[in-house]
Amino acid sequence: MTIFKALLIKEALVLANSIVVLDFETTGLSPDQGDRAIEIGAVKLENGIVTDRFQALMNPGRRINSFIENYTGISNRMLAVAPTCTKVMTEFADFIGASNLLAHNAAFDARFLEAELARLGRQVCGEFSCSLLLARRIYQDAPNHQLGTLINYKNIAADGSFHRALFDAEMTAELWLMMLNDLSERYGLDNIPFSLIKRLVKTPKAKVDKLLINYAAKIN
DNA sequence: TGCCAGGCCCTCTTTAGGGCCTT
């Protein structure tokens, strides 16, 4: 085994052993405009298996509008008896530790995670991956790249409600594993290291196939 | 009552504009 290949396997194991898939429900789209988290859901993936889960509603200290109530199914009555964002996010920060992180449209969840942790005087330690960016490259024929559409497109069993944090995190994890498996099968790769994912999501769609073919030729 | 953001990514592009995706 070459040193290069050994390093890639080690890197892949590090990623697999530490990734946390998360999803926020929020009062709106922008923490910079004062929006707050109202629910966090997450699953811990270890070697492709969900080994732990985290789910909690949190009281943002204000009423949410009817659009958010209808969109998420989370009501003001539910939030009125929920613990504070401070309490929930403190527990969640301990849950994720220094793990690498994954979300569908990660830029959105990363902004809220950073904003909520900043209120606690804490910060994100792990590195984010984005299932949306990867899906846009490897499922170019999908009708669109919304989470629900991709779950349906790949015939992944979905027994629950989209737009609730834990369910969306579970579905994102399933989609992620499906994408890694499809990449492995399509290009004959034993594992998909984090460095390859990072390169993939920065590669123009038209050049993705060539990159993977060249990578597979190099590693195999 | 209606609207609000930010990053990615494509194209009729790069001195820009607009759709997608997240709540």
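In what follows, chains are A, B, ... by sequence order, proteins preceding strands, each numbered from 1.
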Quick one: [X] [atom1] to [N] [atom2], roughly how many Å, whole number?
X	N	atom1	atom2	value
Leu57(A)	dT23(B)	CG	P	15 Å
Leu133(A)	dG7(B)	CG	C1'	9 Å
Asp168(A)	dT23(B)	CG	C1'	11 Å
Leu132(A)	dG19(B)	CG	P	18 Å
Lys205(A)	dT11(B)	NZ	C1'	12 Å
Phe112(A)	dG7(B)	CZ	P	13 Å
Met58(A)	dT23(B)	CE	C1'	13 Å
Ile68(A)	dC3(B)	CD1	C1'	13 Å

Taking [M] as the reference, what is the distance to [N] when you measure between their [atom1] atoms (whole Å, please)?
N	M	atom1	answer
dG2(B)	dC8(B)	C1'	27 Å
dT23(B)	dC4(B)	C1'	12 Å
dG19(B)	dC12(B)	C1'	14 Å
dT14(B)	dG18(B)	C1'	15 Å

Could you tell me whether [X] contacts a base, only the sugar-phosphate backbone, or nothing, with contacts defined as non-hydrogen atoms closer than 4.0 Å?
X	value
Asp35(A)	nothing
Thr27(A)	nothing
Asn144(A)	sugar-phosphate
Asn65(A)	nothing

With a 4.5 Å limit on heavy-atom distance, are the side chains of Val20(A) and Phe54(A) in contact? no

May I ask you to test the Met78(A)-Leu57(A) pair for a side-chain heavy-atom distance under 4.5 Å? yes

For His145(A) and dC21(B), is the shortest distance between a side-chain N/O and OP1 or OP2 below 4.0 Å? yes

His104(A) side-chain N/O to dC21(B) phosphate OP1/OP2 under 4.0 Å: no

I'd like to know if Glu170(A) and Arg53(A) make a salt bridge, using a cut-off of under 4.0 Å between side-chain N and carboxylate O.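 Between Arg53(A) and Glu170(A) there is a salt bridge, with a charged N closer than 4.0 Å to a carboxylate O.
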
Between [options], which one does the side chain of [X] approach most closely?
X	options	answer
Asp32(A)	dT23(B), dG6(B), dC20(B)	dG6(B)
Arg137(A)	dT22(B), dG6(B), dC8(B)	dC8(B)
Gln146(A)	dT22(B), dA5(B), dC8(B)	dT22(B)

Classify the side-chain pair Thr149(A)/Asn144(A) by whether it contains a donor and acceptor separated by less than 3.5 Å. yes

Do Val88(A) and Phe167(A) belong together in a cluster built from hydrophobic side chains that touch within less than 4.5 Å?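 No, no single cluster joins them.
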
Test Asp94(A) against Arg122(A) for salt bridge (charged side-chain N to carboxylate O under 4.0 Å, His left out), laying out the working first. CA-CA 11 Å; Asp94(A) 294 337; Arg122(A) 301 178 70 160; 3.1 Å; yes

Of Glu25(A) and Ala206(A), whose nearest nucleotide on DNA chain B comes first from the 5' end? Ala206(A)

